[in-house]
Amino acid sequence: MSRTWETPGGVHPPENKLQSMTQSIGHLPIPGTLVIPLHQHIGSPETVDVTIGQTVLKGQKLTTAIHSDNLPVHASTSGTVIAIDDHPVAHPSGLNALCVTIASDGKDQWIERTGIADFRRCGPLDLLQIITDAGIAGMGGAGFPAAIKLSPSNDKTVDTLIINATECEPYITADDAAMRGKTQDLIQGIEVVCHILNGPKRVVIGIEDNKPQAIKALRSYVQESSIKIVPFPTKYPSGGEKQLIYILTGREVPSGGLPIDLGMVCLNIGTLIAIKRAIVDGEPLISRITTVTGEACGVNRNYEVLIGTPISHLLTHNEFDENNCSRLIMGGPMMGFSLTSTDVPVVKTTNCILAPSHSEIPVDTPAQACIRCGLCAEACPVSLLPQQLFWYAQAKDQERLEAHNLFDCIECGACSYVCPSNIPLVQHYRSSKGEIRKANIDKIDADNARQRFEFRKLRLEQADKQRQAKREARRLVTEQARAASSTSQPGSSAADIIAAAQQRAITKKASPDQQKAKLERALLAAQSRLQEAEKRLIEATINGSTKQQTICSASVESARQKVDQAQHRLRELTD
Amino acid sequence: MQEFAVILVSSILINNYVLVQFLGLCPFMGVSKKLESAIGMSAATTFVLTLTAMASYIVNELVLMPLGLIYLRTIAFILVIAAVVQFTKMFIEKTSPLLYRVLGVFLPLITTNCAVLGVALQNASKDLNFMQSSLYGFGAGAGFSLVLILFSAMRERLAAADIPQPFEGAAIAMITAGLMSLAFMGFSGLV
Amino acid sequence: MIIKSIRSNSIALALFALITAMVLSSVDNLTRDKIDYAERLAAQRALLEIVPPERHNNDLLLDTQPVPEAFWPILGLNKGGNIHIARYNGESIAAIIPSVTADGYSGDIAMIVGVNSEGTIAGVRVVQHKETPGLGDKIDLKKNDWILAFNGKSLSNTTPSGWTVKKDGGQFDQFTGATITPRAVINQIVATLDYFNQDNDRLFNQPPTKDTISTGQVEK
Amino acid sequence: MIDTIAQHPMLAALIALVSLGVIFGGLLGFAAEKFKVHGDPIVEQIDNLLPQTQCGQCGFPGCRPYAQSIADGDAINKCPPGGQNTINAIANLLDVPAPALDEEHGEEEEIKTIAYIREDECIGCTKCIQACPVDAILGAAKLMHTVIVSECTGCDLCVEPCPVDCIDMLPVVQGIVQWHWPTPPATIDLIATSKMSSQEDAA
Amino acid sequence: MSDTTAREVTENGLWHNNPALVQLLGLCPLLAVSSTMANALGLGLATMMVLIGSNTIVSLIRNHVNDAVRLPVFVIIIATFVTCAELLMKAYTYDLYQILGIFVPLIVTNCAILGRAEAFASKNNVSLAALDGFMMGMGFLLVLVALGAIRELLGQGTLFLDMHLLFGPIAANWLIQPFGPNYSFLIIVLPPGAFLVTGLLIALKNIIDNVLRTRADESRDKPIKGAKRVRTTGHIS
Amino acid sequence: MAFKQISSPHGHNPQSTSWVMQLVLLSTLPGFIALSYQFGWGTFINLIIAVMTSLVAEAAMLALRNRPIAFYLKDYSAAVTAVLLALALPPLASWWVVVVGSLFAIVVAKQLYGGIGHNPFNPAMVGYVVLLISFPIEMTTWVTPISLLPEGVQHPGLWESLSIVFAGNTPIDGITGATPLDVFKHSSGLVVDQIYHDEALFNQASFAGVGWEWVNVGFLIGGIILLKTRIFTWHAPLAMLGTLALMSILFWDSGSSASPGSPVMHLFSGASMMGAFFILTDPVSSAVSNRGRFIYGSLIGLLVYVIRAWGNYPDAVAFAVLLGNFAAPFIDNYTLPRTYGHTARRKATDKGEDE
Ligand SMILES: Cc1cc2nc3c(=O)[nH]c(=O)nc-3n(C[C@H](O)[C@H](O)[C@H](O)COP(=O)(O)O)c2cc1C
Ligand SMILES: Cc1cc2nc3c(=O)[nH]c(=O)nc-3n(C[C@H](O)[C@H](O)[C@H](O)COP(=O)(O)O)c2cc1C
Ligand SMILES: Cc1cc2nc3c(=O)[nH]c(=O)nc-3n(C[C@H](O)[C@H](O)[C@H](O)COP(=O)(O)O)c2cc1C
Ligand SMILES: Cc1cc2nc3c(=O)[nH]c(=O)nc-3n(C[C@H](O)[C@H](O)[C@H](O)CO)c2cc1C
Ligand code: SF4
Ligand code: SF4
Ligand code: SF4
Ligand code: SF4
Ligand code: FES
């Protein structure tokens, strides 16, 4: 069983993990203010439940989900809401987004918690609802709502649960620390998930062989259970979900597909611990383990950090030397993104804050030309040709980029890491992906605009024709009238005829009631279209391609707007 | 058998129509920006070349030579070519609309491709038999296709190269063709 | 509809063809003689260089004999060829023999070798070759007058060891960096002379194929 | 027969060419009738590449007429909303070199703008509705009007007709969702800027 | 098209729309017979004659042929001129004809000629069409001769070699050998050289154009941006 | 303080392009030493002239193109081109031969395409072929290997060599001669054994042809170093050598007079090893994927054999490489690797998302 497969490519950057593992998981004092971004995961936005000035308790919900892929966020400590506004958030763009700012009162007072010690009594659906309400997003990477991953879908059953304990990124030790320090929580989390999944046939913990102590800790707990611990050689990026699945099972997630297509679910250590806490202890996700490391920090250590803690708070408690810091990274050196400010708060997916010194990660030298040496292709874990992708990215040849499977690139950075010419390959790919997505959306918009323009032209033409016909009719009538008047009836003038025409026009115009009925019909239609579109979006997310997803989300967006419009007009009418 | 091989090797590699004999250069330069269109052009040209070689052989042997009208070769052959192109167009459209959609746009261009007239004239002056003529026609087409397709793949690659501005486009294409022709000189003496 | 279109187009084209045909055939008529003359002049030129007009008064182009099949291998001819005989007032004074060698650097080297009746060389010209430009192509009179060195040489006035390049101890220059081509040419000339010695009786005693004395060569 | 013809070169030429002409003309006549070209698919393809802003900056009443005009040989660099990308795409389609945008038709905008009606100032004159090529403005006579954000193409045709100037063209907000990584700067730019900054440092 | 002036026709033929350097038409003869100036001149002149002739005739008959047979008729006209040229060259400059070989009859398929017939002569009056023929032919000839001169000079170190083939015996001693008799740089004479030198000529033209353009841009007024806009939605009431 | 916005990955492994190029330069040392030992000072002089010309030409072109000169010269690629060209040229070639070759390589084949990384053809080989075609005499005058020099004759010393190269003094008779491939090609009519028996170039050789066997061994050693340091993968070189060997076995026909030579001779003569490990592996102008490089290598091996055996040129590596370069972009379109999660390999001309 413990046979492993080897992925192609991969790199071995210096690990630098020991620094932060010299001490056990630490705790920091509660910061004065916490900034909680409302949107920390993949999915649509939600409504804010709190108002400025309101006091909140630790663990209190701040938002309500209005859609099935929403996740609520919670207050990480007790205090007062002092702002709900745009604030720098943890995002590579460095842009602002809506956040709730809480001034902590230092009491750290919990709301009422109701844990379910005997979770086996509950049905999976109830447990999943608790997980959703606890705001649990995947803590290993993309931050996808965990409950959705675990939800049963009609045609797919999960027979393998894969636990991602790889932690292949250099520097990061958050999962390692959790496995050593919270082994029991982890095991319980696994049990919960197994229960939700109706007892998958296999439960595998995939772990790199550079964490012997964690392996030992796990082994002592799982000796007799059906959980397999499978260590494999250390290589970046074995922790990528798709890579891990291949390493452990020899199977590949189809391009554009999901692990569920193979009957698998892959969860991160942190996610499992959070699930345990949500179910057994009744605690929503308000804190996570984060590694603070890098030579610009005097202390390197893992902390249990409240979500919303500003990075500056973490750094000041770790003897951060700003002048010696070459860049500030959230996440590891290979996939983490640079932060432009220390005001950014910790979020659910923040597994590491890396503050390297100038000598540790120097400023990049300017890129030289690609000499097609192929080292990047040797390093690529998904067998792409990074140099060709780069070449076509420069040529802006989107067709060729897609033919070279740009969208299968997991942005792991192995190619950039080895490139002797120092080309920021991953940034090129990201930018190209963005442009392709934008082009697809633009295309949809353009088609839509064309239709509307043509429709309008048609409408105008018809109106024109009608008007012409009417004018013709009127002319006939006047002529007849003139003929008639010239002969017999001088009294009945043109004015009469016009008045008659106006009368006709008025009766033709719909009464307010009719209009209202019409609008209501329109609203109904728009709503059903919206539902339809949303259904398609979900389908596309589950088993469609990225392109399909963008298309679907665009149509959802437009359907939603149509509903809004209809509502708006209806309101106008009824007011 | 060996004779046929010799004819093919000679017309495809050694006396390549485009790179060595300088025939068919306009489509070579004009239709080589995209691999897909190059492939379409190649197929159409090869077909027409082979057919023209056959038809012009017949016209030459059965009409022009017996009547002592050799000076009318040029005009007769160009008429033959136009007819062949027209015929090909009709034939393809009838038999395979799919193929027609791919090749259709290239067909009219072939009438003024000097490789086609070149093959007819060369065959006529070389005193070949029917089989040899057809084979020369096919070989010329295959040689044209070979370099056109490879060249278009190369030009696609050059699309992203950092070429000095005055050399962008036609100039660098010419220089590339020059270097290709340089490489093809390596085939000299093969047969 | 189709019939009509076919008819009208046919008529239009036929009309053009008619005009064209008239124009062209009259131009042809006007130029035909001049072209014939020019063609003959060109065909004769190499022959006349070897046996100049003052040495003979027959039509070199027409006074020919086929090479007997037995001698094709010696002369390297695959499909045979014609020997031109030069006569002065009916008396044979020289034969111009086609000869091909395959031993050149690349491909065949085709030449014509003029041999006077007494066995000395009247002149050699390479008519076709594919030798490397700048290296082996000096056998071509346009590039180099090396080929003139054979004039007057015969198997008797030059020893067999002399009939080779200087590098091999012979009389004739090689070209810098290219010995293969001259070697091949020299060897083939020797072979041609050999052939001439074997066949000259027959060659010179045949009557002219046509009575060409009266025609004479084309005057410049 | 052949001999007699061959005896008269003039006649031979006449017969040969005329018969070729007849045959060939017939063939062509046949083809011309049989294979009349229907429609012009290239217009469709060009139209598909145009941004469909329907703004008229190209000098044509809408994108499709311009597409038609391009197919008839017009310059391909007249569409500012499409910008260089569209020009390149059309150039690629037609296999012609890509020129730069003709500035007489306008400039390419970095960020898309869309119309926004200051609703409290709107007098409900419906002029903007008439102006909008894609029916992106809602409202009834004498009632406040509003722009449907998702349908507005940003053509700004509605701005000028408004008698009270209550329509603004505002850049579309670039939030986190729309953001994507920019293309890395070219090396020579990097070196040039670093040179400049080091000169500044020195100064 | 009807508003084209003689000046435009001239500029187009010689420079802006030069058949060889810009339209890239007629490349085969351009590359094939440009190894010496004499060859280039010979073929260039023949091509020019054919262009003038065919343009004139095509323009004359432009209103009398229908669409279906338009192309074949043009081709027949061109082929007629070419055959005449061929016969005449054979009769009067036989040696040159031999050297140019197949490329004389191939003038028929010189795309530039049919291209001009189609694009210009069939839409313009006779005098303009003839002028266009002359100018396009001249443009082609000039490029061909320039190419011939460069290749001859760089490749063989000679100029005016073999001019007697064209101009008769008086030209026999025009030959110049600036680099001495032993100079040769074969690659330029061989096919690769034809491509390379043509590429360089095109680039040279681009450089000159760039200079001209920047100068013109400096002197020209800035265009009014967006001046050519129309309203797509008709007038607003 | 605001921090910089930088895309991941952060940090980089220490290999750089100039390091790669320097390694290639170093790896030519065994071959260079073998050449110098066998043929005297000529190679060294070629090297100096070529490198200087190339660097000057590169700098001049960069200046014309408005590019940062120092930044690009630092990548050593011009030096690699120059060195490989110099090693391929006949020792004691006139200075202007080397200069013209280097200029063609750097200016036409490299910089007109946009400089390093953009050239579709191998610059050094373009330079070489231009010279071979234009100056066949200079390019076919090879120096006699040391062990074949007549009694009492020696290769010219440094100064004498310099005067030959620069002043055009002709080398003393007897120190120039044909190469083994040349001799073999022109011994038509002789069976192979006889050639081996008669020709000093063969009968005094350890294997293959005198002098050349050790030059090839030198380049083989250099190539193995590069292979071990993972500068390139085995695909192209091995495919080329394999195809060459395979072809020469197929047509060996026990050494009749028509046989184009034994596998050993083909592998260890001429530029076989240098070609396989230093020329074919030029990453810029070769195919891109491993599969592609395998096909590319095989194609070149095949062409080398075909041209050597039946063509005009005794050695054909340069031509074959250029032909391979010519085919490389096409090969690239059809040799994409199978990407994770796909059932089949795709072609570059495929449209849309999948299959
Ligand atoms: C847009 C999107 C949609 C997803 N939909 C599902 C889903 O429907 N079911 C599921 O089990 N996982 C789903 N996932 C989660 C993925 O399986 C995967 O676990 C997640 O992307 C995190 O992986 P990463 O960190 O390697 O990127 C989705 C992920 C993304 C990005
Ligand atoms: C290149 C790459 C490396 C990754 N490395 C890890 C890792 O070391 N550990 C981990 O838990 N997730 C890692 N992930 C994220 C996983 O793919 C996946 O999202 C996660 O295991 C899913 O679990 P979650 O939904 O619980 O977060 C990585 C993703 C990528 C793309
Ligand atoms: C590219 C090339 C072309 C050659 N062309 C010729 C040629 O045309 N004629 C010839 O005799 N030798 C030719 N050779 C052969 C060499 O020059 C050969 O070394 C020489 O003929 C041997 O004679 P040598 O005794 O003068 O060295 C050529 C060689 C090469 C590499
Ligand atoms: C393994 C290797 C082989 C190379 N071989 C060549 C070569 O054969 N010719 C050459 O000009 N440059 C060669 N280069 C250098 C470099 O790739 C060359 O300068 C580029 O072609 C210029 O863009 C080589 C570089 C490497 C790393
Ligand atoms: S590693 Fe860098 S230089 Fe090498 S091929 Fe890949 S992108 Fe090009
Ligand atoms: S970032 Fe993409 S292309 Fe680069 S190695 Fe990773 S998966 Fe491959
Ligand atoms: S300028 Fe562009 S977007 Fe505007 S109407 Fe013309 S084609 Fe359409
Ligand atoms: S709302 Fe205004 S800017 Fe938007 S599409 Fe309509 S007219 Fe154009
Ligand atoms: S001249 Fe145009 S194809 Fe030859």
Quick check: closest heavy atoms across Pro420(A) and Val20(F), and the distance to 0.1 Å? CB-CG2, 4.4 Å
Take Asp332(F) and Arg372(A) through the side-chain contact (heavy atoms from CB on, under 4.5 Å) test and state the conclusion after the steps. CA-CA 12 Å; Asp332(F) 284 344; Arg372(A) 311 182 138 230; 3.9 Å; yes
State, yes or no, whether a side-chain contact exists between Val418(A) and Gln15(F) at a heavy-atom distance under 4.5 Å. no
Salt bridge present between Arg338(F) and Glu252(A) (N-O < 4.0 angstrom): yes
Which atom pairs, donor and acceptor, lie under 3.5 Å between side-chain atoms of residues 56-66 of chain F and protein residues at least two apart or in another chain?
from, atom 1, to, atom 2, distance (Å)
Glu58(F), OE1, Lys110(F), NZ, 3.2
Glu58(F), OE1, Gln111(F), NE2, 3.2
Glu58(F), OE2, Lys110(F), NZ, 3.2
Arg65(F), NH1, Gln111(F), OE1, 2.7
Arg65(F), NH2, Asp162(B), O, 3.2
Arg65(F), NH2, Asp162(B), OD2, 3.0

Compare all side-chain heavy atoms of Thr349(F) with those of Arg400(A) and state whether any distance is below 4.5 angstrom. yes
Considering all heavy atoms of both residues, which atom of Leu339(A) and which atom of Phe3(F) are nearest to each other, and what is their separation? O-CB, 3.1 Å
Lys4(F) side chain near Leu328(A) side chain, heavy-atom distance below 4.5 Å: no
Considering only heavy atoms and a distance below 4.5 Å, find which of Ile361(A), Thr7(A), Thr365(A) pairs most often with chain F. Ile361(A)
Quick one: are Val11(A) and Asn13(F) in side-chain contact, heavy atoms under 4.5 Å? no
Given that the side chain runs from C-beta out, which part of Gln427(A) has a heavy atom under 4.5 Å from chain F: side chain, backbone, both or neither? both
Selection from Gly374(A), Ala377(A), Pro366(A) maximising heavy-atom pairs under 4.5 Å formed with chain F: Pro366(A)
Can you tell me how far CG of Leu384(A) sits from CG of Leu336(F), rounded to the nearest 0.5 angstrom? 10.0 Å
Less than 4.5 Å apart, side chain to side chain, heavy atoms only: is that true for Ser416(A) and Pro9(F)? yes
Using a 3.5 Å distance criterion without hydrogens, assess whether the side chain of Arg327(A) forms a donor-acceptor pair with backbone atoms of His10(F). no
Pro92(A) backbone acceptor or donor facing Gln5(F) side chain under 3.5 Å: yes
Spatial distance of atom OG (Ser8(F)) from atom CE (Met330(A)) [nearest 0.5 Å]: 14.0 Å
Best-contacting candidate, Gly332(A), Cys373(A), Ala369(A), against chain F by heavy atom pairs under 4.5 angstrom: Cys373(A)
Measuring heavy-atom distances to chain F, does Tyr417(A) have an atom under 4.5 Å in its side chain, in its backbone, in both, or in neither? both
Max heavy-atom pair count under 4.5 Å with chain F, selected residue of Ile410(A), Leu406(A), Val382(A), Asp364(A): Val382(A)
Hey, does Phe71(F) have a side-chain heavy atom less than 4.5 Å from the side chain of Gln368(A)? yes
Pair Ser383(A), Thr339(F): side-chain N/O donor-acceptor within cut-off below 3.5 Å: no
Would you mind checking which part of Pro356(A) comes under 4.5 Å of any heavy atom in chain F, side chain (CB onward), backbone (N, CA, C, O), both or neither? neither
Segment of Asn290(F) engaging chain A (4.5 angstrom heavy-atom cut-off): side chain
